[in-house]
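Since the model is a prediction, treat every value here as computed from it, not as a measurement. Just follow the structure's listing: the first ligand is 1, and inside any ligand the first atom is 1.
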Amino acid sequence: MERVGALAAIGATPVVQLGQLVGSESAQVWVKLEAANPTGSYKDRMALAMIEAAEADGRLSPGQPVVEYTGGSTGSSLAFVCAVKGYPLRIVSSDAFAVEKIRTMQAFGAQVELIESPEGITPQLIPRMMARAREIAAETGAFATDQFNNTDMVDGYRRLGAELIEQLPGEPAIAAFTGYVGTAGCFLGVTQALAQKVPGLHRVAVEPAESAVLSGGAPGVHHIEGGGIGSRPPQLHETDYDEVIAVPEAEAFAMAREAARREGVFSGPSTGANLVAAIAVARRLGPGRRVVTVQVDSGLKYLSGHLYG
Ligand SMILES: Cc1ncc(COP(=O)(O)O)c(C=O)c1O
């Protein structure tokens, strides 16, 4: 499909190899720089996929309002896509998430409603946001993108996986992918696309150690935005991954800072978690392999918080 205006700038992001954080005793680690997307996040891919699929099958009509619950990244991307395509957007978010994301949604013209959660990302927060978005959809007739249950959003990430295959041909071969799980859209789309060309791909789901539900632990409070929602995301099944790595939030934050200073990869905490897991897997695999992960979004989204404060 031909992309209108700024939507054409989504995707085709660079991929770079870590040079400092990974030694010669380790497999290579390659990072897809998704901050290069228009709102600085890989979520631009899924926002476009969700809206275009709904347009194509008539669930979304010209000018109809759209509603979503979001930590802010999906909201920023949806706000961007809806601005270009002329859909009014209602967002339910929370003060538990970066203020930069809230302001980005507003900058693109979205109407944002915040649910207070001063403790951080609690297991109750996402269900409360979902319930409020459902109310708004019922009251206004808005199209609910409902990211956790939306299967179109996974399609948005298959292209990311396809780009990796094109960008990293030959040797050393891709052996593993690590991805922090929120909706699991990125993890599923990328691993499904990669697995078609990479036999035996080792698929590593990443979650916060403080809310390590996929690892069999209890839900808990943490500060790695974008995932660790306190329950298994509905589209992720146990057969979709080979391993789960639970990363303590302090390590994810420290890695985000380290990656900025030593690699010039400037990102948020979920990218920090992705890198912690990728580097651990790369050390275990040893030389002659490639481990791939994603820079989820830009560090610019986190400048007012304590990550870089
Ligand atoms: C900052 C951040 N990191 C990671 C993720 C996880 O991505 P996914 O929902 O594709 O699992 C999200 C999703 O909201 C996010 O906002």
*Return the option from S270, S267, A184 holding the heavy atom at the smallest distance from atom 4 (C) of ligand 1.*
S270
Which atoms of ligand 1 have any heavy atom of [X] under 4.0 Å away?
X    : value
E225 : 1 (C), 2 (C), 3 (N)
C186 : 10 (O)
S73  : 1 (C), 16 (O)
V181 : 11 (O)

*Below 4.0 angstrom, N of the basic side chain to O of the carboxylate: do R132 and E135 qualify?*
yes
_What's the separation between atom CD in E52 and atom CG in D57, rounded to the nearest 0.5 Å?_
12.0 Å
*Do the side chain of S270 and the main chain of G226 share a donor and acceptor less than 3.5 angstrom apart?*
no
*asked:* Counting only heavy atoms closer than 4.0 Å, does ligand 1 sit against the backbone of D297, its side chain, both, or neither?
replied: side chain
*Under 4.0 Å, heavy atoms only, figure out whether ligand 1 is touched by the backbone of T183, its side chain, both or neither.*
both
*Does the ring center of Y42 lie less than 6.0 Å from the ring center of Y157?*
yes
*Run the ring-centre check on F177 versus H202 and record whether the distance is less than 6.0 Å.*
no
*L78 and side chain to side chain contact (heavy atoms under 4.5 Å, CB included): which partner among V67, T145, D44?*
T145
*Say whether Y180 and ligand 1 are in contact under the criterion: heavy-atom distance to a ligand atom below 4.0 Å.*
yes
_Protein heavy atom at shortest distance from atom 7 (O) of ligand 1_ = Y42 OH, 2.6 Å
*Tell me which protein heavy atom sits closest to atom 12 (C) of ligand 1, plus the residue, atom name and distance to 0.1 Å.*
G226 O, 3.2 Å
